[in-house]
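For reference, the structure is listed below as structure tokens.
Within every chain, numbering begins at 1; the chains are lettered A, B, ... in the order of the sequence lines, protein sequences first and strands thereafter. Fair warning: this is a prediction, and the values are worked out from it, not measured in the lab.
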2 protein chains.
Amino acid sequence: MKEIQHRSDCPIAYSLDYLGDKWIILILRDLIFTSKSSYGDFLSSGEKIATNILADRLKLLEANGFIKSSVSPEKKNKFIYNLTEKSIDLIPLIVELMIWGSKYDSYPIKEAVKKLEKDKEGTIREIREKLLQRLKSDAPAK
Amino acid sequence: MKEIQHRSDCPIAYSLDYLGDKWIILILRDLIFTSKSSYGDFLSSGEKIATNILADRLKLLEANGFIKSSVSPEKKNKFIYNLTEKSIDLIPLIVELMIWGSKYDSYPIKEAVKKLEKDKEGTIREIREKLLQRLKSDAPAK
DNA sequence: AAATTTGCTTGCCATTTGCAAGTAAACAAA
DNA sequence: TTTGTTTACTTGCAAATGGCAAGCAAATTT
């Protein structure tokens, strides 16, 4: 796996060097906001990611410390992907993507987004705590 | 200019359909946080964007309402690009990119980011108001 | 033993990127 | 007035990436 080359010393560019792409954040979205956690789960998401792209991004995410994979306890041919502190710290960013998107998308506003906008800090903290505890307790999703 | 196709009805994916790329947000960063406002200004940024990519992204940004171009009053062969409400609304998102980046980049933390983290809401409002006023007064940068 | 589930890999073609060079209009200097 | 410079692109080309379909392999179920 080739190292990511950073283009400058700007922290915004630094983040984009990892996240500036149409797919990576969608995988993290699934891990943060849904109970999805496996290759097949991600494949089934509405955006229809291609199998080779998904495999590539999972490799990249793991190599860079955003996720950690483990064999499913029930099925040995199934892998479970979990978040790390590094990716849990991306919740505020992804929440802002959601807020901006739902403001400019003509699509009907989702209830979840309304709640979120009413108490952004609180909702973020809530999600964050849940995911951090899951991390510590070593009892990841499914 | 071809229309952007949205991949799903998810607001996060909606945002990424416009912003999911390594360059677009860097142009907006320059417009939001620095006094850069022209093709040549953006070219000179630390990340060394290629000329064809820059031209392409400026076209895309304008076609989608993120920036508005006008001829420079002093020099008729110079174009000035300005933010719109749509892109000013991206400040919180870009601020989160900065915060996350400066947390995980080993590079020395910038003073500006420290200030920002102490009073995120206030700093965002401050920048936002400045840019909105510039928009209204129709007296854009340089 | 055969079919299915799960997680990939491979091949192929189209699109995008990145670099270098070229073009063109406005402007400035000689 | 001619010549060079600034500014903003465009073009050509090779390399990398993306997207689709098919193939493969280990584990599990039937």
- Please list all pairs passing the side-chain hydrogen bond (donor to acceptor under 3.5 Å, both in side chains) test where one or both residues lie in residues 93-102 of chain A, with sequence neighbours left out. E96(A)-K120(A)
- Message: dT9(C), OP1 or OP2 - any side-chain N/O from Y39(A) closer than 4.0 Å?
- Response: no
- Item | Set of residues satisfying salt bridge (Lys or Arg N to Asp or Glu O under 4.0 Å) with respect to E126(B), sequence neighbours excluded | K115(B)
- Query: Would you say S72(A)'s side chain and K78(A)'s backbone share a donor-acceptor pair under 3.5 angstrom?
  - Reply: no
- So which one's nearest nucleotide on DNA chain D is more toward 5', F79(B) or I53(A)? F79(B)
- Message: Taking salt bridge (Lys or Arg N to Asp or Glu O under 4.0 Å) as the definition, give me every residue that meets it alongside K114(A), ordered by chain and number, with sequence neighbours left out.
- Response: E111(A)
Can you name the atoms? Protein N/O to nucleotides 11-13 of chain C N/O, anything below 3.5 Å, with the distance.
none

- side-chain contact (heavy atoms from CB on, under 4.5 Å) between R7(A) and Y14(A), worked out: CA-CA 8 Å; R7(A) 293 168 291 170; Y14(A) 179 91; over 6 Å; no
- Message: Going by the rule salt bridge (Lys or Arg N to Asp or Glu O under 4.0 Å), which residues pair with E3(B) if we only count those two or more places apart in sequence or in a different chain?
- Response: none
- Query: Between W23(B) and dG18(C), does any side-chain N or O lie under 4.0 Å from OP1 or OP2?
  - Reply: yes
Taking only nitrogen or oxygen atoms into account, show me every contact under 3.5 Å that the protein makes with nucleotides 24-30 of chain C, one pair per line with its distance.
unit_1, atom_1, unit_2, atom_2, d
dC27(C), OP1, K76(B), N, 2.4

- Query: When the distance from CD1 of I49(B) to P of dA20(C) is rounded to whole Å, what number comes out?
  - Reply: 16 Å
- With no hydrogens and no angle check, is any side-chain donor or acceptor of D41(B) less than 3.5 Å from a backbone partner on S38(B)? yes
- Residues forming a side chain to side chain donor-acceptor pair (under 3.5 Å) with K103(B), sequence neighbours excluded: D89(A)
- Query: Just how far, in rounded Å, is P of dC8(C) from CD1 of I27(A)?
  - Reply: 11 Å
- Gap between atoms CG and P, on L43(B) and dA20(C) respectively (whole Å): 14 Å
- Query: Can you name the salt bridge (Lys or Arg N to Asp or Glu O under 4.0 Å) partners of D30(A), sequence neighbours left out?
  - Reply: none
- Query: Quick one: side chain to side chain donor-acceptor pair (under 3.5 Å) partners of E62(B), sequence neighbours excluded?
  - Reply: S69(B)
- Residues two or more places apart in sequence or in another chain: which of them pass side-chain contact (heavy atoms from CB on, under 4.5 Å) with N64(B)? I4(B), Y18(B), L60(B), F66(B)
- Please report the shortest heavy-atom distance between G122(A) and D119(A), naming the atom on each side. N-OD1, 3.0 Å
- Task: Please work out which residues in residues 54-61 of chain A have a non-hydrogen atom less than 4.0 Å from an atom of DNA chain D and list them by number.
- Result: R57(A)
- Query: Hey, does the side chain of Y81(A) reach the backbone of S70(A) with a donor-acceptor pair shorter than 3.5 angstrom?
  - Reply: no
- Identify the 5'-most and 3'-most nucleotides of DNA chain D with at least one atom closer than 4.0 Å to a non-hydrogen atom of chain B. dT6(D) to dG12(D)
